[in-house]
Amino acid sequence: MKNYNKIKHGWFSEICPICPGMSLSLEIEEVLYSKKSQFQQIDIYKTKNHGKILVLDGIIQLTESDEFAYQEMLAHIPLFAHPNPENVLVIGGGDGGILREVGRHDSVRKIDFCEIDEDVIKVSKQFLPDLACGFDDPRVTVHIADGNAYVREKINRYDVIIVDSSDPIGPGEVLFKRPFYKGLKAALRHNGIIATQGESFFLHKEWAVNLVKITKELFAVRAYAYILVPTYPGGHIGICLGSLGPGLKKPCRHISENIQSRLKYYSPKIHEASFVLPYFAQKMFEAV
Ligand code: SPM
């Protein structure tokens, strides 16, 4: 039986199978939702200091206090690296945070959004309206489907694909494997870019290295960036990127004041800086 990291003495502790020997705890005020969907246990907690949090199968997916860092960087790095993103696919991230960020780009004409668990979308609309605010955008089509199967049927379709996966355990596991990445590549148009949740170069070396290995095999242009997120273990998380043409490490379009003024983490400077890795991580990825 799975351990869903029950709350003890008012504290929720994440016990993540891929972070052995450590745990991240948040003080909880109230359980707002707790139910098992067809795919996973979904919990929404009201915390004392971090707003509401979304927890899937016992793993923190986001807190209202710092979600902007992850959503902005995973969305805007590939979108600003692309000269003219029009067709975008988002896989995973039923909370809608990535969708909210993609929707800020006027060049984007169509957004396909593929999420395996419809209940995550429903629960996020109910409890996390500041994240799940992009679903009514007329450019968005929601597909309730397995991202791996969905992408296999799409050829030469997207300018940017963003994969906002949970960890490589449970429904997210397949999204960390080579066949899925081959599907992503085939689904890209000329000059297309992919960006995927890349785990931690400190804590999940094996997973991060494997993702870098796959992108090196498939993409002539590839890179790994990282984001500071206090409520993920280790306080950071990676982004693994691959491109069929454009460089990734600098924005290639101007960011309008209209967009920049609404953001809290992303800027052209942090875009570039996020690719500067600690020396051990740089060497580790170079050796792949
Ligand atoms: N839109 C937010 C969804 C978050 N997706 C990524 C979650 C990763 C959580 N794991 C962090 C590292 C190890 N437990």
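One-based numbering, in listed order, for ligands and for the atoms of each.
For the residue pair Q41 and S34, a side-chain donor N or O sits within less than 3.5 Å of a side-chain acceptor on the partner. Checking R253 against H105 by side-chain atom types alone, a donor-acceptor pair falls below 3.5 Å.
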Kindly print each ligand 1 N/O atom paired with any protein N/O atom under 3.5 angstrom away, one pair per line, or none if nothing qualifies.
from     : atom 1 : to   : atom 2 : distance (Å)
ligand 1 : 1 (N)  : Q71  : OE1    : 3.1
ligand 1 : 1 (N)  : D95  : OD1    : 3.1
ligand 1 : 1 (N)  : D95  : OD2    : 2.8
ligand 1 : 1 (N)  : D164 : OD2    : 2.6
ligand 1 : 5 (N)  : Y70  : OH     : 3.3
ligand 1 : 5 (N)  : D164 : OD1    : 2.9
ligand 1 : 5 (N)  : S165 : O      : 3.1
ligand 1 : 10 (N) : D167 : OD1    : 2.8
ligand 1 : 10 (N) : D167 : OD2    : 3.2
ligand 1 : 14 (N) : D167 : OD2    : 2.9

Ignoring hydrogens and angles, write down the donor-acceptor pairs under 3.5 Å from the side chains of residues 178-187, residues two or more places apart or on other chains.
from : atom 1 : to   : atom 2 : distance (Å)
R178 : NE     : E217 : OE1    : 2.6
R178 : NH2    : E217 : OE1    : 3.4
Y181 : OH     : T196 : OG1    : 2.7
K185 : NZ     : L218 : O      : 2.8

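Between E29 and K46 there is a salt bridge, since at least one side-chain N of the basic residue sits less than 4.0 Å from a carboxylate O of the acidic one.
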Test log, rule side-chain hydrogen bond (donor to acceptor under 3.5 Å, both in side chains), inputs H143 and D112
CA-CA 7 Å; H143 308 269; D112 282 323; 2.9 Å; yes
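The two residues S243 and F219 make their nearest non-hydrogen contact at N-CD2, 3.5 Å.
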